[in-house]
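Below you'll find the structure, written out as structure tokens, and then a few comments.
Because only heavy atoms are used, hydrogens play no part in the values below, and waters and symmetry mates are left out as well, while side chains stay in.
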Amino acid sequence: MPFYTGRTGSIKVDSASNTVAKIRDWSIETTVELLSTNSIDSSVNTFTPGVKSATGSATLLYYRVPTGEDSTEFTTLLGKIMKRGAIESTDRVKLTLNVGGEAGDDIIVNAYITSASVSVSTGELSVVPINFTVDGDFEVEGVIA
């Protein structure tokens, strides 16, 4: 049975070919609201599942793309929130979060980037922590089958 480490994870933006090459980490958290089904004579709490939601985060390493190399994956992701003007529905991105390096290990969602910040410290790598909120359901593929 293979075990995975952070070295095998990746993030892809929009199409399957646009991998964000320089990431430090990513995470996703799913929650379900529970709706109380108690009545006035209940002696214990009972619930039914309500709306589910998911949020996540990632830390991108800020880098300059060499001349001639495609930079769309990094700039596309940051450009969804670090831009002039309003955020539109067209700024939603499809994120493919990969755990183990193979296509079957994908978590695929549509999401909005809700925050991004550029962090620069002397002697450290420049990083761009981002947060995102999932819009809609998980795509049925890989680990979410």
### Query
Name the one of T30, T31, D135 that satisfies side-chain hydrogen bond (donor to acceptor under 3.5 Å, both in side chains) with S53?
T31
### Query
If two hydrophobic side chains count as joined below 4.5 Å and joins carry through other members, does I28 share a cluster with L95?
yes
### Query
Would you say the side chain of V109 lies within less than 4.5 Å of the side chain of K94, judging by non-hydrogen atoms?
no
### Message
When you group the ILVMFWY residues by side-chain heavy-atom contacts below 4.5 Å and let the links chain together, are V134 and V51 in the same group?
### Response
no
### Task
With rounding to the nearest 0.5 Å, note down the distance linking OG1 in T48 to CG in L35.
6.5 Å
### Query
Any side-chain heavy atom of N131 sitting closer than 4.5 Å to one from I113?
no
### Task
Please report the C-alpha distance between N38 and N45 in whole Å, then the side-chain angles of each, then the deciding distance to 0.1 Å, and finally whether the side-chain contact (heavy atoms from CB on, under 4.5 Å) criterion is met.
CA-CA 6 Å; N38 296 347; N45 285 327; 2.7 Å; yes
### Message
Any non-hydrogen side-chain atom of L61 less than 4.5 Å from a side-chain atom of I23?
### Response
no
#### Entry: Smallest separation among heavy atoms of A54 and F138, with atom names
CB-CZ, 4.0 Å
### Minimum side-chain heavy-atom gap E139-N110 below 4.5 Å
yes
### Query
Can you tell if the side chain of M82 reaches within under 4.5 Å of the side chain of V118, non-hydrogen atoms only?
yes
### Query
Taking the side chain as C-beta and beyond, is there a heavy-atom pair between W26 and V99 under 4.5 Å?
yes
### Task
Could you walk me through whether F132 and S115 pass side-chain contact (heavy atoms from CB on, under 4.5 Å), step by step?
CA-CA 7 Å; F132 58 88; S115 69; over 6 Å; no
### Query
What's the shortest heavy-atom distance between A116 and I130, and which atoms?
CB-CG2, 3.8 Å
### Query
Excluding sequence neighbours, so at least two apart, what forms side-chain hydrogen bond (donor to acceptor under 3.5 Å, both in side chains) with T114?
none
### Query
Would you find a donor on one side and an acceptor on the other, under 3.5 Å apart, between the side chain of S27 and the backbone of G56?
no
### Query
Passes side-chain contact (heavy atoms from CB on, under 4.5 Å), L125 versus R24? Steps please.
CA-CA 10 Å; L125 292 172; R24 184 164 63 194; 5.8 Å; no
### Query
Can you tell me if T37 and T46 form a side-chain donor-acceptor pair at under 3.5 Å?
yes
### Query
Do P129 and V127 have side chains that get closer than 4.5 Å, going by heavy atoms?
yes
### Query
Taking C-beta and beyond as the side chain, do D137 and K52 meet within less than 4.5 Å on heavy atoms?
yes
### Query
Judged by atom type as modelled, is there a donor-acceptor pair below 3.5 Å linking the side chain of D25 to the main-chain atoms of T59?
yes
